[in-house]
Amino acid sequence: MSGTELTYSPDQAEAHDRISEALRGVGVDLDEGTLTPPREGKRAVMAVVGKAGSGKTLLLAALTRALEEAGVDIVSGDWEGRRRRDRRTLAILAPTNKAASVLRMRGVPATTIHRILYTPVYDPEYEKIAEWLAGNGARPEIEGLTDHALDRALAFYETHKSIPGALAAAGLRGSDFITGWTRREEPLDIGLVDEASMLDAQQFEDLQAIFPTLLLFGDPAQLPPVKSTGGMVFESLPAPARLELSRIHRQDADNPILDLAHALADPALEFHHFERMIEDAARRDDRVRWAERVEVDLMARSPVLVWRNATRIRLINAFRAVHDAPETALLEGEPLICDGIELPLKHRKKRLDVEARGLIKGAQVIYLGPGKRAGFSRLHVIGAEDPRLSAASIVKIEKPDEEEPFIPYAANMGAVFLHGAAVTIHKAQGSQWRDVQVFAPDIHAAARMGRSEAGQPLWKRLAYVAITRAEERLHWVVRNRLSKPSAPLRVDDLRAKPVALELDREQEP
């Protein structure tokens with residue numbers, strides 16, 4: 001198992017061995033480190049399922065390393081390299097920018113499902129650098145780039161495995177080497193998909209069309225996709241293709257947040273019992289907080305999680321009110337959620353450009369200020385590898401007890417945004433934040449209604465998804481109160497990473 005025995009639990013080890021056996025069947029031998037060319041008709045679909053703390057991400061990361069060590073090339077949304085008949089490839093995918101960024105923070109080179117559907121078109125001159133960095137060509141001589149610049153690019157690529165980041169390290173901008181985007185027409189090879197509980201049937205079908213070998217990693221305790229008419233896509237797989245992991249206590253270090261999440265599996269647990277457990281945990285451990293109010297400072301970067309839309313709208317308006325935000329404009333630093341792209345078919349190329357850069361439905365962004373043209377906004381896309389862009393925007397601020405949202409300003413067409421200071425628990429799936437505030441009165445309302453979903457009380461599913469969004473600290477908010485901000489909204493904390501590419505022109509969707 002490539003030296004993984006000491007870190008695997010028994011069920012992880014069994015899952016690894018079962019997956020290794022399936023990969024051998026399609027020509028990838030992890031034990032021997034050997035590859036054979038892909039063969040027509042050879043297909044495999046499997047799922048690794050388990051609740052929070054069961055080690056799904058550890059297994060995914062270990063499989064990624066083992067595949068790379070065996071000689072499988074990792075394909076990102078930024079660079080694919082030359083096609084060869086004998087080449088084996090791997091893509092690690094997540095449904096959202098935020099979910100992909102969580103994996104990248106853990107050293108797994110993930111991209112979004114949407115991004116893998118489109119491939120960048122490189123300028124031929126700079127494509128030579130990309131081929132050299134990927135080990136498929138000789139060191140090039142490029143007019144305007146010194147040997148020192150190429151050395152910087154190579155050093156960056158060896159550490160981060162990012163072609164755009166390496167070219168940026170050489171002093172280039174995205175518009176220098178990426179000339180456009182095109183829809184993927186050729187299939188890939190092996191796909192690992194995290195947060196598979198978020199997939200709907202159409203996305204699953206699209207992934208199967210692209211990847212003959214597909215491994216899904218998902219949590220069966222989460223909420224099914226909003227569009228789903230049934231359960232989660234991996235539930236339809238035959239039992240031998242579903243590998244179940246249980247919680248690994250030694251790896252989650254007695255995490256009180258995970259303790260609470262797993263306690264929800266008790267069928268006898270009632271809501272008031274659960275709140276007492278939270279109070280007890282808060283007295284023992286600072287990672288759980290019994291909160292008498294919503295902390296407004298946290299809302300600028302991590303939304304309050306709610307169940308009801310009415311609660312979401314009230315909290316958003318309270319957030320704007322305490323920051324003295326005018327009705328006619330946004331303040332720099334206000335959080336937004338992309339609600340889609342409104343463009344006619346003739347603007348397909350513009351849609352491809354902004355979507356490939358991370359501005360997709362559900363993307364979390366921070367408003368940086370107006371663009372150079374009327375109706376444009378400068379934005380920072382949270383979790384995207386190239387986070388800064390400018391886009392024609394239609395911003396909708398919903399008001400309590402009003403059917404139509406207030407629109408402070410808008411382009412005629414472009415990216416549509418809702419405010420992001422609070423979001424529904426459904427939309428929070430796939431994301432994680434350091435601190436998470438859960439609005440408990442909403443969970444209590446779901447408990448009083450007595451609704452069930454997939455055989456489990458709805459309030460338990462809501463509570464499970466909400467509290468497992470917290471990476472470090474859970475705030476269980478029990479009252480409808482909001483604190484005052486300690487400082488104005490800011491954007492100076494949104495420093496672009498070295499791989500981020502600043503666009504040198506307005507990108508109109």
Side-chain angles (χ1 to χ4, degrees), residues 51-52 197 219-224 226 255-296 298-299 302-319 321-322 398 400-401 419-429 431-433 435-483:
K51 293 184 179 181
S197 57
D219 186 338
Q222 292 203 37
L223 294 159
V226 175
N255 187 325
I257 299 172
L258 292 183
D259 289 340
L260 291 168
H262 285 263
L264 290 162
D266 182 356
L269 185 70
E270 300 290 343
F271 179 81
H272 63 280
H273 296 142
F274 184 63
E275 285 212 313
R276 297 294 75 75
M277 293 178 67
I278 294 173
E279 276 193 294
D280 292 341
R283 282 192 287 266
R284 297 191 309 268
D285 198 306
D286 188 54
R287 288 174 287 181
V288 177
R289 293 191 176 178
W290 183 268
E292 297 286 343
R293 64 186 184 182
V294 173
E295 291 298 328
V296 71
L298 295 176
M299 296 171 72
S302 58
V304 180
L305 304 187
V306 305
W307 174 46
R308 297 175 291 192
N309 261 320
T311 307
R312 178 180 64 85
I313 294 169
R314 286 200 307 272
L315 285 169
I316 286 169
N317 280 269
F319 173 86
V322 298
E398 297 155 292
D401 304 318
H419 207 278
V423 302
T424 62
I425 294 168
H426 262 103
K427 284 194 174 182
Q429 290 196 126
S431 295
Q432 284 190 309
W433 297 272
D435 283 74
V436 164
Q437 300 185 89
V438 180
F439 195 71
D442 264 20
I443 310 293
H444 189 205
R448 290 198 312 270
M449 292 179 65
R451 285 175 52 181
S452 294
E453 192 164 294
Q456 187 177 15
L458 175 61
W459 78 264
K460 289 187 176 182
R461 281 187 174 266
L462 292 168
Y464 178 88
V465 172
I467 65 180
T468 54
R469 300 310 91 204
E471 291 178 327
E472 295 184 16
R473 185 172 291 112
L474 167 68
H475 303 252
W476 188 259
V477 180
V478 296
R479 294 195 180 185
N480 190 14
R481 294 179 179 175
L482 191 71
S483 69

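Checking side-chain atoms of His426 against main-chain N and O of Trp307 turns up no donor-acceptor pair under 3.5 Å. With hydrogens and angles disregarded, a donor-acceptor distance shorter than 3.5 Å links the side chain of Lys460 to the backbone of Asp266. Without hydrogens or angle criteria, Ser483 side chain to Val296 main chain gives a donor-acceptor distance under 3.5 Å. One N or O on the side chain of His419 and one on the backbone of Ala421 form a donor-acceptor pair closer than 3.5 Å. Under a 3.5 Å cut-off, the side chain of Thr468 and the backbone N or O of Val465 do form a donor-acceptor pair.
Within the model, atoms CZ of Arg283 and CD1 of Ile278 stand 12.0 Å from one another, a figure rounded to the nearest 0.5 Å. Going from atom CG of Leu305 over to atom NE2 of His475 covers 11.5 Å, rounded to the nearest 0.5 Å. Annotation: the span from Lys51 atom NZ to Gln222 atom CD amounts to 11.5 Å, rounded to 0.5 Å. Of the inter-residue distances, the one linking Asp259 atom CG with Arg287 atom CZ reads 8.5 Å to the nearest 0.5 angstrom.
Leu260 places none of its side-chain heavy atoms less than 4.5 Å from the side chain of Leu264. Taking the side chain as every heavy atom from C-beta outward, Asn480 and Pro441 never approach each other to under 4.5 Å. Counting only heavy atoms from C-beta outward, the side chains of Ile443 and Ile425 approach each other to under 4.5 Å.
Evaluation of the side-chain contact (heavy atoms from CB on, under 4.5 Å) rule for Ala447 yields Phe271, Trp459 as partners, not counting sequence neighbours.
No option in Glu295, Arg473, Arg469, Arg289 other than Arg473 meets the side-chain contact (heavy atoms from CB on, under 4.5 Å) test with Asp435.
The local environment of CG in Asp401 is sparse, with at most 12 non-hydrogen atoms from other residues, nucleotides or ligands closer than 6.0 Å.
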